[in-house]
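Written out below as structure tokens is the structure these notes cover.
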Amino acid sequence: MDKNEIDNYCQNGVGICVYRKRVKKAQFIVQSISILRAGNSGGYYIPVEFDSLRMIGQGEGIRWGAKTTDLDLVIESLELFIKKPILEWANHTRTGYQPFYDSEIVTEAHYQTSWDMLNEKYKQGKLLLPKGLMFELQTPDVGTLKNQSKYQRPKKQK
């Protein structure tokens, strides 16, 4: 991968996922980092998402985001984080979703333990963010996520 490949994906409105890995000590959570075009401003939006194994890329996890107009700053920050030069980065957008497990039996308790670890040890993923960019939490407080429902029953009439 190189800077031109990143820019081409961003200009085509697709964005590019450059990092996807299971979180240590919260092994049933996957961290993904992408680079997207930030609207028409010519800047870049860098989402860092934490999802359960079964919901990667579904928007159900925790998302942090940073914006900048400097692609070189993004590359420098991610090279330090990924610990590889840009030429060795994987393009997960091109290769598609590749499962992180084959025959593991994963229960709700496994996921809950991993989410608890991510929230407590890693401060909702804040301690796992790349340095050099200003990230803000893009999802509601995790405590409120557990209490939210997509469907709410109508109140019983007496």
Side-chain angles (χ1 to χ4, degrees), residues 1-39 41-106 109-142 145:
M1 178 178 312
D2 61 18
K3 187 175 174 180
N4 290 332
E5 183 176 0
I6 291 171
D7 218 27
N8 286 338
Y9 271 86
C10 290
Q11 287 190 16
N12 290 328
V14 178
I16 185 168
C17 180
V18 297
Y19 180 84
R20 185 167 280 155
K21 192 171 183 180
R22 286 171 96 161
V23 176
K24 288 182 182 179
K25 302 197 189 251
Q27 63 181 345
F28 301 108
I29 306 295
V30 174
Q31 180 179 11
S32 302
I33 302 175
S34 300
I35 303 170
L36 310 168
R37 178 70 68 198
S41 65
Y44 298 90
Y45 173 66
I46 299 81
V48 178
E49 298 172 289
F50 297 92
D51 296 303
S52 65
L53 287 176
R54 64 180 177 208
M55 301 297 285
I56 297 171
Q58 302 295 313
E60 297 291 324
I62 298 172
R63 178 187 288 205
W64 291 83
K67 291 181 182 175
T68 182
T69 56
D70 188 351
L71 183 56
D72 290 327
L73 175 63
V74 173
I75 292 168
E76 179 182 321
S77 174
L78 294 180
E79 281 181 331
L80 290 172
F81 180 82
I82 298 171
K83 297 180 180 151
K84 290 182 181 179
I86 187 174
L87 295 174
E88 295 177 23
W89 291 1
N91 179 341
H92 296 284
T93 303
R94 182 177 54 229
T95 60
Y97 169 72
Q98 296 177 352
F100 285 83
Y101 64 101
D102 293 317
S103 60
E104 290 178 75
I105 297 173
V106 185
H110 290 111
Y111 286 119
Q112 190 59 52
T113 301
S114 289
W115 281 116
D116 291 345
M117 181 65 71
L118 185 76
N119 291 326
E120 294 165 15
K121 180 177 173 65
Y122 297 115
K123 308 291 184 214
Q124 296 179 326
K126 184 176 184 175
L127 300 179
L128 299 173
L129 298 173
K131 306 287 186 246
L133 298 167
M134 297 296 295
F135 286 93
E136 293 182 15
L137 187 62
Q138 305 290 303
T139 51
D141 177 59
V142 175
L145 282 177

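Residue indices begin at 1 and follow the sequence shown.
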Salt-bridge present (Asp51, Arg63; N to O < 4.0 Å): no
Answer yes or no: is there a donor N or O on one side and an acceptor on the other, between the side chain of Thr93 and the main chain of Cys17, under 3.5 Å? yes
The reported gap from CD1 in Ile29 to NE2 in His110 (rounded to nearest 0.5 angstrom) is 12.5 Å
How far does CH2 of Trp115 sit from CD of Gln124, to the nearest 0.5 angstrom? 10.0 Å
Whether over 12 other heavy atoms sit under 6.0 Å from Glu136 CD: no
Take Leu53 and Gln27, measure what side-chain contact (heavy atoms from CB on, under 4.5 Å) needs, and give me the verdict at the end. CA-CA 9 Å; Leu53 287 176; Gln27 63 181 345; over 6 Å; no
Check: Met1 and Arg94 side chains under 4.5 Å, non-hydrogen atoms: no
Would you kindly check if the NZ (Lys) or CZ (Arg) of Arg37 is within the cone defined by 45 degrees around the ring axis of Tyr45 and under 6.0 Å from the six-membered ring centre? no
What pair of heavy atoms forms the shortest contact from Leu78 to Val18, and how long is it? CD1-CG2, 3.9 Å
Nearest 0.5 Å, what's the CD1-CD1 distance between Ile33 and Ile46? 10.0 Å
Run through Asp70, Leu71, Asp72 and flag the one making a side chain to side chain contact (heavy atoms under 4.5 Å, CB included) with Thr68. Asp70
Rounded to the nearest 0.5 angstrom, the CZ-NE2 distance for Arg20 and His92 is 6.5 Å
Say you draw a straight line from OH of Tyr44 to CG of Leu73; how long is it, rounded to the nearest 0.5 Å? 12.0 Å
When rounded to the nearest 0.5 Å, the distance separating CZ of Arg54 from CZ of Phe28 is 11.5 Å
What are the two closest non-hydrogen atoms of Leu36 and Gly15, and how far apart are they? CD2-CA, 3.4 Å
Closest approach of Glu79 and Ile86, non-hydrogen atoms and distance? OE2-N, 2.9 Å
Would you mind reporting whether Asn119 and Ile62 have side-chain heavy atoms less than 4.5 Å apart? yes
Set out, in order, the CA-CA distance, both residues' side-chain angles and the distance that settles side-chain contact (heavy atoms from CB on, under 4.5 Å) for Ile56 and Glu49, then state yes or no. CA-CA 9 Å; Ile56 297 171; Glu49 298 172 289; over 6 Å; no
Might you point out which heavy atoms bring Phe135 and Val48 nearest each other, and give the distance in Å? CE2-CG2, 3.5 Å
side-chain contact (heavy atoms from CB on, under 4.5 Å) between Leu128 and Leu118, worked out: CA-CA 9 Å; Leu128 299 173; Leu118 185 76; 4.0 Å; yes
Is there a donor-acceptor pair under 3.5 Å between the side chain of Asp2 and the backbone N or O of Asn4? yes
Which atom of Lys123 lies closest to which atom of Trp64, heavy atoms considered: O-CZ2, 4.1 Å
Does any part of the side chain of Met117, heavy atoms only, come nearer than 4.5 Å to the side chain of Val23, both counted from C-beta? no
Do Leu80 and Lys131 touch side chain to side chain, with heavy atoms closer than 4.5 Å? no
Taking all non-hydrogen atoms of both residues, which atom of Lys121 and which atom of Leu127 are closest, and how far apart? O-CD1, 3.3 Å
Ignoring hydrogens and angles, tell me if any N or O in the side chain of Trp89 forms a donor-acceptor pair with the backbone of Lys84 under 3.5 Å. yes
